[in-house]
Amino acid sequence: MNLEYSIVYSARKTLQISVERDRSVIVRAPEGTPHNKIEDAVESKKLWLYEKLKNPQKYKETSHSTELVSGTSLLYLGKEYRLDFVGDIFDGVVFESKFLISRRARMMAAELLKGWYIESARCIIRPKVKLHARHLGVEYNQVLISDLKYRWGSCTPKNNLNFNWRLVKAPMSVIEYVIIHELTHLLEPNHTPRFWSIVKTQLPNYARSKEWLKNYGDLLESRI
Ligand SMILES: [Zn+2]
């Protein structure tokens, strides 16, 4: 059996072989690694790779994930932007009225985009939480940007606030609604009339944002 794999060269220092969730094998190698060195490395891990590829349950689940190609549109702050794979060589994601990723990093596009979204969620959400906490007169402990399952935001008994990084796909007004919603829970744990009246003082139009989340809730489960 011949083992097929793709090679992604980058500025990294070590060679890494992995089986992606779609069962493709990727070798991440330092720039300029000779081909026979990569072949040897794959050869030496062959048994491990076959073992992983044989395991259907674990790697089947995301086979429905959308393939990322040039022209795919991606949401950011409520607007759709085009994704393009370009010939230039650079690291990560460049966002200039569209998302640009080097063609060389194509196999890693999903993880690069996720990283980009998480970083930008951090930059957008943290200062907004600070601002709205001041308006509401509440104190919180930490703001965490995470991969929440089926939720946009949550708050913990220790007053830590969690936000789903996918929230940055939503319009700003929706992001603010989720932030205010979670901060309001620090004053009122349940969705009582008092809870909603506090939310309303901060965001008179909150119903519209709530509606948006209802309509686009499935974004929570999309891979990117
Ligand atoms: Zn709630």
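Every heavy atom of this structure was used, including side-chain atoms; hydrogens, water molecules and symmetry mates were not. Counting convention: from 1, in listed order, for ligands and their atoms alike.
By the 30° and 60° cut-offs, the orientation of the rings of Phe99 relative to Tyr117 is tilted. Note: Tyr206 and Trp196 have parallel aromatic rings, judged against thresholds of 30 and 60 degrees for the angle between ring planes.
By the side-chain contact (heavy atoms from CB on, under 4.5 Å) test, Pro34 is found to be paired with Asn36, Lys37, residues two or more places apart in sequence or in another chain being considered.
Counting Ile, Leu, Val, Met, Phe, Trp and Tyr side chains that sit under 4.5 Å apart, directly or through other members, Phe90 shares a hydrophobic cluster with Val86, Val94, Leu100.
Under a cut-off of 6.0 angstrom, the local environment of CZ in Arg82 is crowded, with over 12 non-hydrogen atoms contributed by other residues, nucleotides or ligands.
Protein N/O/S atoms found under 2.8 Å from the Zn ion (ligand 1), listed by chain and residue number: His181 NE2, His185 NE2, His191 NE2.
Contacts classified as side-chain hydrogen bond (donor to acceptor under 3.5 Å, both in side chains) and involving residues 87-107 (residues at least two apart or in different chains) are given here: Glu31-Arg104, Asp84-Lys98.
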